[in-house]
Each structure stands twice: as C-alpha cells, then as structure tokens.
Visitor: 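First, the structure itself, so that you have it in front of you.
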Protein chains: 2
Amino acid sequence: MTITQLKYVLAVAEHQNFTKAAETVFVTQPTLSMQIQKLEDELEAQIFDRSKKPIELTNIGHKIVNQARNIVNEANRIQDIVDQQKGFIGGEYKIGIIPTVMPTLLPMFLKTFTQKYPKVELRIEELNTSDIIKKLSDGHLDAAIAATPLMNDSLKERVLYYEPFVGYIPEIHSLSKKQYLETSDLDINDILILEDGHCYRESIFNLCKTSKRHAKENFQLKSGSFETLVKLSKEGLGMTLLPYLHTLDMTEDEKKRLRFFNEPSPAREISLIYHKSELKLQITTALYDLILSIIKGAIAFQDVKIISPLSKD
Amino acid sequence: MTITQLKYVLAVAEHQNFTKAAETVFVTQPTLSMQIQKLEDELEAQIFDRSKKPIELTNIGHKIVNQARNIVNEANRIQDIVDQQKGFIGGEYKIGIIPTVMPTLLPMFLKTFTQKYPKVELRIEELNTSDIIKKLSDGHLDAAIAATPLMNDSLKERVLYYEPFVGYIPEIHSLSKKQYLETSDLDINDILILEDGHCYRESIFNLCKTSKRHAKENFQLKSGSFETLVKLSKEGLGMTLLPYLHTLDMTEDEKKRLRFFNEPSPAREISLIYHKSELKLQITTALYDLILSIIKGAIAFQDVKIISPLSKD
DNA sequence: TAATTTTATTGCATAAATCTATTACAATGA
DNA sequence: TCATTGTAATAGATTTATGCAATAAAATTA
C-alpha cells in the first residue's frame, strides 16, 4: 500500500470515473487502473463496483475511502509541520468567499496579504455556502469566508467580524421618518432580498417577526447584486437590508436613506472557516490575523444580535 | 514521500542507529540510509542529527517522527477495516501481561481463545507495567493486561475484573484468630510483599494505614513468587497478602490460613489495555469478551474497594 | 595509531511504476 | 442488429525506484 495508491482511490471515488480521475492525478488511465487493482489485491477487497455505471463504491470501499482521506491528510500535514517549523508561509492556498462578502472584504485585505506573504499563491473563488462546506470537506479548499455558525462538526470557525444590517428606506416609505429601526418594524413582504445560495436570504427570513417563510411575493429576484436592490428600492418597490460594509461606498445622497437599527442591531457573523484537520494552519492563521487587524478599523459596533445563517425548520 | 520511508524513519528514531534499524525493517543499511536521505531532501529538512553519537532527532525531526507514527498507524488501520468488515479475526497479536496476573489468568483463557480464533497468532510476553505502557505507546504491543487505572491519555482500558486481596496469616500470627480482616489491621512492617515492577507493591503500600512509604524492612524480596512468600510466611516471617485468584489452587491446609477482608474488600482492578488508536480492535474485543465470560465464573465478589496501582506522591 | 563501529557512496541488478497502443465490454441509438 | 460511444482492462516497452554487495569515509574506542 502506498500513499500514491490511496490518492488514486480518492480521485476515482470523487469522479466516479477512472479516465477523469487519471487526469486529475496526472497519470494515464491504465496506470491508475493497475495501481487500484494492486491495492485491491493486497487488501483482498473490492473497493469499487465496476459493474455499476457510473462506478460506485462498495460497502467496504466507503470505509476504505474514508480512511484513505485520513491518511492522505495526515501525510500532507508533514510538509505543513516542516513549513511551520521553518516559519515558511507559502505554497498554493485555495480560499472560497460567499458572494455577499467578496466585493467588500476582498479589496480590504488582498493587496496587503499578497505583499506580506509573497510566497503564498492565493486562489480565490466565489462560492455559496453549501459549495464551501462541500469543498472544505473534501479538501478542495483550504479555507473560506462565510456567514456562521455553520454547526458542522468537521469544520472550524474563527469569527472575523459582526456585520450589522442597515436598512435602505426609500423616501416615500413609511419607515422613512424613523431615525432608528427596530426588528419589529420589518415586514417580510415589504423587503427586497437578494437570492444568494441559502445564506444571506435565510438570515433575513429569520429576522422578520412577521416571517411566514413562504409568503407570497410579487416577484423573485435571482442572482442580483445589492446595487440592483438599491435601485429597485429607489423605484419604490420596497425597502431593503444591506450588510454594513456595503453601505460604505455609497453616495452621500444614498447614505441619507440609510437607517441603522437600535442596538442590539441585527448582524451577521462572518468567519474564517477551515477543516478541522488544520492543514496549512500557518497560512490560515496569517490570513485571519491580517483580516482581523484590518477590519477593526472598519467595523466598531458594540452590541449586536447575531442572525444565524441556518434555517431552523 | 512513501509509507515505507516513514517506517524507516520510525525505526531509526527508535534504535538511534541506522544499522540496527535496517535489520528490524529487513533491508540493508545503505538502502535505509538512502531512503531517509531522499525523504529529508523532499521535505527540505534534516530529520536526524548525525553528528551526535548515538544519532539524535533534530527539533523538526521530533515532530516529523510523531506525525510519521500517526500516518503509519492510520495506514495499518486500513487492513483492520477490511478484516473487520469481513468478520475476519486473525493475524499476529502481541499481548503483554504483568507477572502477578500471568500465571492465574493466562491458563484460564489461552486454550479457549486459540481454539475459538485459530487464525490469530498470539504472542504473549510477561512485562511489568512501565514496559507495558512503553510498548503499547510505540506499537510493539497490541494489548496488555495490568492493574489499572493507569491515567494514561493515550491508552484505553476495559476492566476485566476486580480481584480482592486475601490475607495469608500464619498460625502463630496475632491476626490468626480473627475471622475477617479489616484494612486497619494491616501494618506495612509486618507484611511480606512481592517486588514487582511498581505495580502490585504500590497497591499494598497505599492500602496500609500505617504506611510510611520508606519504612525500614529487615530484608528485601526481589523477583519472588507468591509461592515463596507463602513459604516465608509459614516460617513465621509475617503475614502476606495474595490476590484472590492465587489462592484458588492452594492446598486445603493452606486455605485454612486464609483470611478474607470484610466488605468492601480491598481489591485490584485488572483491565485489558490498548492504544487509543484502536488498531486490531476486533481481536481486542474478542479477547475481552472471552476473558470476561470466563472470569465471571471465577470471581463473584460484591463490594470491593479499588486500590490504584499508581503511587500518589 | 590501529581496530572497530557506523554511516555514506558507488555500481549494478531487479522490481515497480508508468506510458503508448490496443483490446474488451457495455450502453446507446440509428 | 450493428455501428458508435464511453469506459475499463490488458500487453509490451520504457523509465524510474528500490534494493543489494562491496567499499569508502568518518567517528569512536582500545
């Protein structure tokens, strides 16, 4: 049994296809087939059921794959240990960020990070929360930034900041006269919400007192941006809620239409998330510390009420 | 990096000597040297400090060795998983037993075990507690039987039985008239104790109310057997304490000199111990279940007071 | 300093891994 | 039914890795 063989097994298990798996591990299909056969012979157990199309894991195969992931993870960690001991911060580092955080947070830390850690090759990807969980779990991401808590046992979270929600109230709106908003002011049928995986949207639903989850809506907004929301709001289609950081680069005119909540303001918790195996922890910690030091200047709210991104049905 | 290389590293780390390490992994010394050099090149880190005699681990080497042990353990577990899934109970299984348990317990289960699990190749070794802990930790033993609790985080214990201590009181002894003993009757200076690692002896010391740990003794008894103790006791050199199972095959005459304790009787806890990594757990569990079913017929005491094998200085 | 022990180096044989080319097999659709 | 397609298995050639024996080099001990 070799670590290489285990990596091959993981690739096939993931793609359910020998040919595709072979590509991802940069060998030819016969090579991969033979190595997997050798491992199966050695263990005297079938890992894959090749009669099914696409290929499936056998009962025992599932357990072997889980253990293989374990071993490969632990093996990867050896280089981590060496890097850490040497104080070396480098190598490829893949990070996922949810769409509603990406445009505000990334510009704040990206330049500083790449300057401070030039040997790290950052690969940044915009992903929704469920994809992030998937990719962190199977090792396709080293870390991610998303709304938390995720209540996922195999992931670790370190809170970066609490981002309050701010109301954008068009001039003609009834709430326009109020200086500060209350949670009880909100009516789900009157708020424009971004369709965004199941993350930001869920938060708002949980926030509304009058929340009938499947309230009738005149229209559905998919893959929109906050910019669009604000424009629709201006057209009188309702108020909207924006995460605080999105309000910072608004025009002065627009800012006049913002209404903050009375404390404790509803807020979302944004965290750096990574697998509990803590691979590449040096880089993760470096990233965490950097973002934290930057965000402290941008967000300074006292008392917030965290809205969980998870629906509680 | 290969699993083989990691095994070579572990061997050198253990023996602090390339030549001896090579023997234990059944390759020549040059082969082993080269593989370790290759690994060091790949990791760009020195694992061993070859300038020291005997060879020492570098700082980073220590961490690499720990992680290597992890990986090799996890790798071994794959065959375990396959065996378990198939219900196969077999392979080499190394077990250590403390001297004061060996002669009474081993005969009770050995024959039945080898008959029930003919494919398991049992390797039994008499070891004292500290050697057992060492060998369980570094993987040279799969399980052990010893007095517990050991308070060792990397080991797991499953209690097999509680074995009460029984007094052997020579006829001329003052306690001879009593039907049952009390813990308070015991005087450390009057009891013959077996020198036995630091396990059985410590138990007795903790038991005596009058325990001055470094009480003067007229003589010291090393590596004796209970048989010797009983004979010395008969000579009038004092009473002695025997674990219950050792009293079962005494002659009727000798049994007349036995005095049990009033309940709760002082007792030692005997457990099956194994590494928390739970390698070969199927066999361990099979062994545990078997011993438990056998011992139930032999020991049936209600209320006992467990004497810890650890000194509490 | 010589003898001994231990690790590193060299050259060669063998085993293993990988590649290319091809075959085999099953599912799909004309 | 028979190409077509997608996919895994097999065969043979090639490259790479692993291992051994012999020996050199370094360190230790007598």
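By convention in this document, chain letters (A, B, ...) are assigned in the order of the sequence lines, proteins followed by strands, and residues within each chain are numbered from 1.
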Visitor: For side-chain contact (heavy atoms from CB on, under 4.5 Å), just list the numbers for B/Asp80 and B/Gln282, CA-CA rounded to whole Å, side-chain angles, deciding distance to a tenth of an Å, and then say yes or no.
Guide: CA-CA 8 Å; B/Asp80 270 33; B/Gln282 320 89 272; 3.8 Å; yes
Visitor: Under a 4.0 Å heavy-atom cut-off, which of residues 59-70 of chain B touch DNA chain D?
Guide: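 Nucleic-acid contacts, sorted: none.
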Visitor: So does A/Ser33 get a side-chain nitrogen or oxygen closer than 4.0 Å to the phosphate oxygens (OP1/OP2) of D/dA8?
Guide: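 The answer is no; no side-chain N or O of A/Ser33 sits under 4.0 Å from OP1 or OP2.
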Visitor: Classify the ring geometry of B/Phe109 against B/Phe113: parallel below 30°, tilted from 30° to 60°, perpendicular beyond 60°.
Guide: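 Judged by the thresholds at 30° and 60°, the geometry between B/Phe109 and B/Phe113 is perpendicular.
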Visitor: At a heavy-atom distance below 4.0 Å, what parts of residues 1-9 of chain A sit against DNA chain D?
Guide: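 Listed by number, there are none.
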Visitor: Could you give all pairs that pass the salt bridge (Lys or Arg N to Asp or Glu O under 4.0 Å) test and reach residues 117-128 of chain A, with sequence neighbours left out?
Guide: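 Only A/Glu92-A/Arg123, A/Glu121-A/Arg123, A/Glu125-A/Lys135 qualify under salt bridge (Lys or Arg N to Asp or Glu O under 4.0 Å).
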Visitor: Among residues at least two apart in sequence or on other chains, which ones pass salt bridge (charged side-chain N to carboxylate O under 4.0 Å, His left out) with A/Asp289?
Guide: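 Testing A/Asp289 for salt bridge (charged side-chain N to carboxylate O under 4.0 Å, His left out), a comparison that skips the adjacent residues, returns none.
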Visitor: Rounded to the nearest angstrom, tell me the gap between atom NE2 in A/His15 and atom C1' in D/dA8.
Guide: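 Spelled out: NE2 on A/His15 to C1' on D/dA8 is 17 Å.
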Visitor: Find the distance A/Leu32:CG to D/dA8:P and express it as a whole number of Å.
Guide: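 So the CG-P distance, A/Leu32 to D/dA8, works out to 9 Å.
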Visitor: Using the salt bridge (charged side-chain N to carboxylate O under 4.0 Å, His left out) criterion, which residues pair with B/Glu74? Sequence neighbours excluded.
Guide: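 With sequence neighbours excluded, B/Glu74 shows a salt bridge (charged side-chain N to carboxylate O under 4.0 Å, His left out) to B/Arg77, given in chain and number order.
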Visitor: Any side-chain heavy-atom pair from A/Leu155 and A/Tyr274 closer than 4.5 angstrom?
Guide: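 No, their side chains stay 4.5 Å or more apart.
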Visitor: For the side chain of B/Gln29, counting heavy atoms from C-beta on, which of D/dT18, D/dA9, C/dT7 is nearest?
Guide: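 Of all the options, the side chain of B/Gln29 is nearest to C/dT7.
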Visitor: Does A/Glu44 have any salt bridge (charged side-chain N to carboxylate O under 4.0 Å, His left out) partners at least two apart in sequence or in another chain, and if so, which?
Guide: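 Applying salt bridge (charged side-chain N to carboxylate O under 4.0 Å, His left out) to A/Glu44 gives none.
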Visitor: In chain order, what residues pass the salt bridge (charged side-chain N to carboxylate O under 4.0 Å, His left out) check against A/Lys63, with sequence neighbours excluded?
Guide: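 Partners of A/Lys63 under the salt bridge (charged side-chain N to carboxylate O under 4.0 Å, His left out) test: none.
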Visitor: Tell me whether the side-chain N/O atoms of B/Thr28 come closer than 4.0 Å to OP1 or OP2 in D/dC20.
Guide: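 True: B/Thr28 side-chain N/O within range (under 4.0 Å) of D/dC20 OP1/OP2.
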Visitor: May I have the distance from B/Ile36 (atom CD1) to C/dA8 (atom P), rounded to whole angstrom?
Guide: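 In whole Å, C/dA8 P and B/Ile36 CD1 are 9 Å from each other.
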Visitor: Could you check whether A/Pro54 gets within reach of a base, just the sugar-phosphate, or nothing at all, counting any heavy atom under 4.0 Å?
Guide: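 Answer is nothing: A/Pro54 stays at 4.0 Å or more from every strand.
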Visitor: Within this structure, what is the CG-to-P distance between A/Leu39 and D/dA9, rounded to whole angstrom?
Guide: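 Checked: the CG to P distance equals 14 Å.
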Visitor: For B/Tyr93, what residues pass the side-chain hydrogen bond (donor to acceptor under 3.5 Å, both in side chains) criterion, not counting sequence neighbours?
Guide: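 Expected list: B/Thr284.
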Visitor: Salt bridge between A/Asp131 and A/Lys134, side-chain N to carboxylate O under 4.0 Å?
Guide: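 Looking at A/Asp131 and A/Lys134, the cut-off is met.
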Visitor: Which pairs pass salt bridge (Lys or Arg N to Asp or Glu O under 4.0 Å) with one or both residues in residues 272-285 of chain A, sequence neighbours excluded?
Guide: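 Residue pairs with at least one partner in residues 272-285 of chain A: A/Asp142-A/Lys280, A/Lys156-A/Glu278.
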Visitor: Heavy-atom contacts under 4.0 Å between residues 41-51 of chain A and DNA chain D, which residues?
Guide: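 Per residue number, the list reads A/Arg50.
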Visitor: Any heavy-atom pair between the side chains of B/Asn128 and B/Ile98 that's under 4.5 Å?
Guide: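 B/Ile98 vs B/Asn128: side chains apart.
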Visitor: May I have the distance from B/Glu23 (atom CD) to D/dC20 (atom P), rounded to whole angstrom?
Guide: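 For the pair B/Glu23 CD and D/dC20 P, the rounded distance is 12 Å.
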Visitor: What are the atom names and distances for every N/O pair under 3.5 Å that joins the protein to nucleotides 5-7 of chain D?
Guide:
{"unit_1": "D/dT7", "atom_1": "OP1", "unit_2": "A/Asn17", "atom_2": "ND2", "d": "3.3"}

Visitor: Output every pair passing side chain to side chain donor-acceptor pair (under 3.5 Å) with a member in residues 8-27 of chain A, not counting sequence neighbours, ordered by first then second residue.
Guide: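 Listed by first then second residue: A/Glu14-A/His140.
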